[in-house]
Visitor: 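Sharing a structure, written as C-alpha cells. Questions coming.
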Amino acid sequence: MTSSLALAPGARWYPEAFDPQAQAALLAEVRAVLAQAPLFTPTMPRSGKPFTVRMSDCGPLGWVSDAAGYRYQAFHPDTRAPWPPLPPRIADAWSRFGRADVPAEACLINYYGPDARMSLHQDRDEADLTAPVVSISLGDTAVFRLGTEVRSGPTRSIRLGSGDVFVLSGASRLAFHGVDRIIPGSSRLLAEGGRFNLTLRRVTAA
Ligand code: MD3
Ligand code: FE
C-alpha cells in the first residue's frame with residue numbers, strides 16, 4: 001500500500017512510493033538505457049539556447065527539442081538509433097500509477113546537475129491529453145512548482161524527493177509546472193549527485 005496526497009484535482013503525489021532498494025533497481029534500468037542512448041543537451045527552438053537539463057528517452061517515442069522545435073520522434077537526435085525499449089520496472093510503474101490498459105509510449109529521462117532548472121511550462125506536445133503523466137524522481141530533491149492552467153495563476157512549491165511518484169491527469173494535465181532548483185547533497189542514490197526524473201506518457205491519440 002502506497003499512501004498519496006491529492007494536491008489539486010488530478011494531481012496526486014505518492015511520497016516515497018519506491019523504497020531505496022526499488023529506487024536502486026530503477027536507477028540501474030536508467031543507467032542501462034543511458035549506455036545505449038546517452039544524455040543529450042536539448043536546445044530551445046527559437047533561440048538555440050541550451051537547456052540546463054540534459055535528457056534521454058526510452059520506449060517507442062522520445063521527446064526532443066532543437067532548432068526545429070519540440071516533438072516526439074522514434075530515434076536519438078545524436079546517434080539516430082531507435083530509443084531503447086522501456087525497461088520492465090519502469091513499464092510496471094506506468095501500469096501501477098498511470099494506466100494498466102495501454103502501455104506507455106514514451107519515457108523522458110531528465111538529468112539535473114546542481115545548477116539545472118526547468119522554467120514554468122505546460123506539457124502539450126502529446127496528441128492524447130486524456131492519458132495521465134507519471135513522474136518518478138530519483139536522487140537529489142527537487143523544489144518543484146505546480147501552478148494552474150493559467151500561466152499567471154497561483155503556484156505552490158513541493159519538494160520531490162527520491163522515490164516519489166507524481167501523477168498528473170484530468171484537470172491538472174495542462175497545469176503549468178517547473179523545477180526551481182535541486183538541493184545538492186540531499187540524496188546518496190546517485191554517486192555523481194544530481195537528480196533523474198522519469199516522465200512516462202501516452203503520446204498518440206487512442
Ligand atoms: C504537471 N519534468 O519533463 S515532473 C517535464 O521534474 C517536466 O523533471 C519535471 O516537467 C521534472 O516535462 C516535472 C512532474 C510533472 C510532469 C508532468 C506534468 C508535473 C506535471 C504535466 C502536467 C502538470
Ligand atoms: Fe513538464
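Start at 1 and go down the list; that is how both ligands and their atoms are numbered. Because the structure is a prediction, the values reported are computed rather than measured.
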Visitor: Where is the nearest protein heavy atom to atom 21 (C) of ligand 1: which residue, which atom, and how far?
Guide: H177 CE1, 3.4 Å
Visitor: Determine whether any heavy atom of R195 lies closer than 4.0 Å to an atom of ligand 1.
Guide: yes
Visitor: Is there any side-chain hydrogen bond (donor to acceptor under 3.5 Å, both in side chains) pair reaching into residues 75-94, and which pairs are they, with sequence neighbours excluded?
Guide: none
Visitor: Please list, in number order, the atoms of ligand 1 under 4.0 Å from a heavy atom of V179.
Guide: 6 (O), 11 (C)
Visitor: How close does the nearest protein non-hydrogen atom get to atom 13 (C) of ligand 1, and which residue and atom is it?
Guide: F144 CE1, 3.6 Å
Visitor: Note the single closest protein heavy atom to atom 11 (C) of ligand 1, along with its residue, its atom name and the distance in Å.
Guide: Y112 OH, 3.0 Å
Visitor: For E192, look at atom CD and say whether over 12 heavy atoms of other residues, nucleotides or ligands are found less than 6.0 Å away.
Guide: yes
Visitor: For R96, does the CZ atom have more than 12 heavy-atom neighbours from other residues, nucleotides or ligands under 6.0 Å away?
Guide: yes
Visitor: Which residue and atom name correspond to the protein heavy atom nearest atom 17 (C) of ligand 1, and how close is it?
Guide: D123 OD2, 3.4 Å
Visitor: Under 3.5 Å, is there a donor-acceptor pair between the D57 and W63 side chains?
Guide: no
Visitor: Measuring from atom 20 (C) of ligand 1, which candidate in L146, L168, L7, V53 has the nearest non-hydrogen atom?
Guide: L168
Visitor: Is it true that S186 and R159 share a donor-acceptor pair across their side chains at a distance under 3.5 Å?
Guide: no
Visitor: Judged by non-hydrogen atoms, does A142 sit under 4.0 Å from ligand 1?
Guide: no
Visitor: Enumerate the atoms of ligand 1 whose separation from the nearest heavy atom of L108 is less than 4.0 angstrom.
Guide: 3 (O)
Visitor: Using a 3.5 Å cut-off on N or O atoms only, is S135 in polar contact with ligand 1?
Guide: no
Visitor: For atom 3 (O) of ligand 1, what's the nearest protein heavy-atom neighbour? Residue, atom name and distance, please.
Guide: N110 ND2, 3.0 Å
Visitor: Tell me every residue that passes side-chain hydrogen bond (donor to acceptor under 3.5 Å, both in side chains) with R99, counting only those two or more places apart in sequence or in another chain.
Guide: D101
Visitor: Is it true that R201 and D128 have a side-chain N and a carboxylate O under 4.0 angstrom from each other?
Guide: no
Visitor: State whether a side-chain donor-acceptor pair under 3.5 Å links T199 with N110.
Guide: no
Visitor: For the metal site, I want the angle between atom NE2 of H121 and atom OD1 of D123 with the Fe ion (ligand 2) at the apex, to 10°.
Guide: 90°
Visitor: If hydrogens are left out, which of E126, R201, M55, R124 has an atom nearest to atom 5 (C) of ligand 1, that is, the closest non-hydrogen atom?
Guide: R201
